[in-house]
Visitor: 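Encoded as structure tokens, here's the structure I'll be asking about.
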Amino acid sequence: MDPCSAIVGINWGDEGKGRMVDLLTEDFDVVVRYQGGGNAGHTVINEYGECVLHLLPSGVFRPGVVNVLGNGVALDPENLLAEINTLKEKGVKITPDNVKISNRASLLMPWHRKLDVLEETRLGEKKFDTTKKGIAPFYSDKYQKKTILAGELFYPDVLRPHLNDLREWKNLILTGVYGADPVTEEEIDAWLEKYCEPLKPFIQDTGAYLTDANRRHKRILFEGQLGALRDLDFGIYPFTTSSNVLARYAPIGAGMPGVNVERIIGVVKAYSSCVGAGPFVCEMFGEEAEHLRQIGGEHGKRVRRVGPLDLVATRYGVKLQSTTEIALTKLDVLGKMDEIPVCVRYNLDGKEIDDMPFPALVSRCKPVIKTMKSWKCDISDVRSWWELPQEAKDYVKLIEDSVGVVIKWISVGPERNSIIRRG
Ligand code: GDP
């Protein structure tokens, strides 16, 4: 099998992966999402304007690129259909020729979202501040073997009793544990008709499709969601997502377990941001945080916590992702600061450490800060390494030396072409 490539997040997510996939898809034939679901929000700015992608791979804008939602994805029909319709209205072509959904992807059901909301409400102050998209209930059901595969939509005689069994079980939890209303058969029938029927033409055996594409030497790119620190097994558990975001997992979630991921592009943001609860060692507060949020445009639906670049977390993320090259995004933002703090190490109970500690210890760490000079000017029009101010080059070099992987792209703006290519 030909080796494949991946674009993945190195930090907590929101690094600008969508923007990099949108740029680099000119070199690929197929883009595959292999995990996660509607909890992703990849922002892409191109000839169609500003588009936020939740489930669709960021290759949808490129004519000729085939986009696959693999078996590892949390397939939320409601969310996906809304996204398809929004993009179609903007003039983006979406047909079964360029979007393919795995028949082995599990369906995220209406009860998953309900349970997410109910559990977060029950937790009160201790909530995880989830996206409330039903992701954790979905993946726990998948591991319990209590989900419906997309391909079952083609077999009503299998689907009907399977759905009834699951609904009966879910209603015990909804009513008995949370005191909520049960889900009726009529509600589910209406949901199937409204959201699943229109998706049926897109569903197929994408594993077979990808294997064949690979045999024909098509260039395949895996698009990760979130960042390494949110990986279920290796992130800051339990403040992780409920799936494996790592590039090494991509072939499994994509549907071609035997393939090798040779080129892994890790996306690192020039400063840190994190959404949701959990330890965030570098967090800034007050006016300082508000300033960074404002210059970085860090305003999502949920509050984005911000701070300086965390080299401990970045080194860990780069290693976890087996990163072979780095894309550094949002460097332009830091030109608006007077000086640039960077976290080079952690202080854990009085001892300085270079490596990420066990999750339970992360909240006890304090950042060890080094202050770098800012270039204090707008670099958003710069397109070559040589034109960058020396202070910006020093900043890039500091990261490169610290993580030991080459920074091949430097993004200096959200638009497709606001990029510096090195080497
Ligand atoms: P993703 O989930 O990793 O794709 O990242 P998001 O889409 O959540 O966040 C990236 C945000 O930063 C989006 O609003 C992008 O348009 C924007 N962005 C990406 N790269 C750059 C950059 O180099 N400079 C600036 N100023 N904005 C960028």
Side-chain angles (χ1 to χ4, degrees), residues 6-25 31 33 35-61 83 131 133 135 221-231 241 245 247 265-276 291-306 309 314 317 321 326-337 375 377-383 388 392 395-396 399 407-422:
I7 295 190
V8 289
I10 295 299
N11 306 112
W12 296 264
D14 300 321
E15 296 96 345
K17 296 174 294 295
R19 178 252 184 287
M20 287 309 300
V21 178
D22 178 61
L23 173 76
L24 298 176
T25 39
V31 183
R33 280 279 311 271
Q35 46 73 231
N39 52 338
H42 298 173
T43 311
V44 175
I45 300 178
N46 56 25
E47 66 269 31
Y48 297 100
E50 180 167 335
C51 308
V52 182
L53 300 172
H54 300 288
L55 278 140
L56 286 168
S58 307
V60 280
F61 304 105
E83 191 171 322
T131 53
K133 295 282 200 285
I135 302 297
L221 177 68
F222 302 125
E223 177 180 7
Q225 180 230 11
L226 287 167
L229 291 149
R230 298 293 192 198
D231 182 79
T241 192
V245 306
I265 301 159
V267 186
V268 174
K269 186 150 76 176
Y271 55 90
S272 302
S273 77
C274 158
V275 179
H291 180 237
L292 183 51
R293 256 194 290 276
Q294 194 233 325
I295 60 176
E298 298 293 343
H299 299 288
K301 274 195 192 131
R302 296 181 302 152
V303 177
R304 291 208 180 166
R305 300 158 75 191
V306 292
L309 178 69
T314 303
Q321 292 285 22
I326 289 176
L328 179 68
T329 60
K330 292 200 150 181
L331 190 64
D332 54 306
V333 170
L334 299 185
K336 295 174 191 152
M337 290 176 88
W375 43 100
C377 63
D378 182 8
I379 56 167
S380 57
D381 289 332
V382 174
R383 295 292 176 267
L388 270 182
Y395 191 74
V396 174
I399 303 169
I407 296 179
K408 215 165 163 185
W409 293 272
I410 300 165
S411 172
V412 290
E415 299 81 16
R416 189 181 272 172
N417 296 320
S418 306
I419 199 87
I420 298 170
R421 295 167 205 260
R422 288 172 76 209

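One-based numbering, in listed order, for ligands and for the atoms of each. It should be emphasised that the depicted structure is a prediction, and the values quoted were computed from it without experimental measurement.
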Visitor: List the steps, then state whether side-chain contact (heavy atoms from CB on, under 4.5 Å) holds for T329 with K269.
Guide: CA-CA 5 Å; T329 60; K269 186 150 76 176; 3.9 Å; yes
Visitor: State the CG-CD distance between L56 and E83, to the nearest 0.5 angstrom.
Guide: 4.0 Å
Visitor: So do the side chains of S380 and E415 get within less than 4.5 Å of each other, counting heavy atoms only?
Guide: no
Visitor: Under the side-chain contact (heavy atoms from CB on, under 4.5 Å) criterion, do V412 and R383 qualify, and how do the steps go?
Guide: CA-CA 9 Å; V412 290; R383 295 292 176 267; 3.6 Å; yes
Visitor: Measure the spacing between CZ of R293 and NE2 of H299 and express it to the nearest 0.5 Å.
Guide: 7.5 Å
Visitor: Could you give the side-chain donor-acceptor pairs of residues 43-51 under 3.5 Å, partners two or more places apart or in another chain?
Guide:
| unit_1 | atom_1 | unit_2 | atom_2 | d |
| --- | --- | --- | --- | --- |
| N46 | OD1 | Y48 | N | 3.0 |
| N46 | ND2 | D22 | OD1 | 3.3 |
| E47 | OE1 | R416 | NH1 | 3.4 |

Visitor: Kindly print each ligand 1 N/O atom paired with any protein N/O atom under 3.5 angstrom away, one pair per line, or none if nothing qualifies.
Guide:
| unit_1 | atom_1 | unit_2 | atom_2 | d |
| --- | --- | --- | --- | --- |
| ligand 1 | 2 (O) | G41 | O | 3.2 |
| ligand 1 | 3 (O) | E15 | N | 3.1 |
| ligand 1 | 3 (O) | G16 | N | 2.9 |
| ligand 1 | 3 (O) | K17 | N | 2.8 |
| ligand 1 | 3 (O) | K17 | NZ | 2.8 |
| ligand 1 | 4 (O) | K17 | N | 3.2 |
| ligand 1 | 4 (O) | G18 | N | 2.8 |
| ligand 1 | 5 (O) | G16 | N | 3.2 |
| ligand 1 | 7 (O) | G41 | O | 3.3 |
| ligand 1 | 7 (O) | T43 | N | 2.7 |
| ligand 1 | 7 (O) | T43 | OG1 | 2.9 |
| ligand 1 | 8 (O) | D14 | OD1 | 2.9 |
| ligand 1 | 8 (O) | G41 | O | 3.2 |
| ligand 1 | 12 (O) | K330 | NZ | 3.3 |
| ligand 1 | 23 (O) | K330 | N | 2.9 |
| ligand 1 | 23 (O) | S411 | O | 3.1 |
| ligand 1 | 23 (O) | S411 | OG | 2.5 |
| ligand 1 | 23 (O) | G413 | N | 3.2 |
| ligand 1 | 23 (O) | G413 | O | 3.4 |
| ligand 1 | 24 (N) | D332 | OD1 | 2.8 |
| ligand 1 | 24 (N) | D332 | OD2 | 3.4 |
| ligand 1 | 24 (N) | G413 | N | 3.4 |
| ligand 1 | 26 (N) | D332 | OD2 | 2.8 |

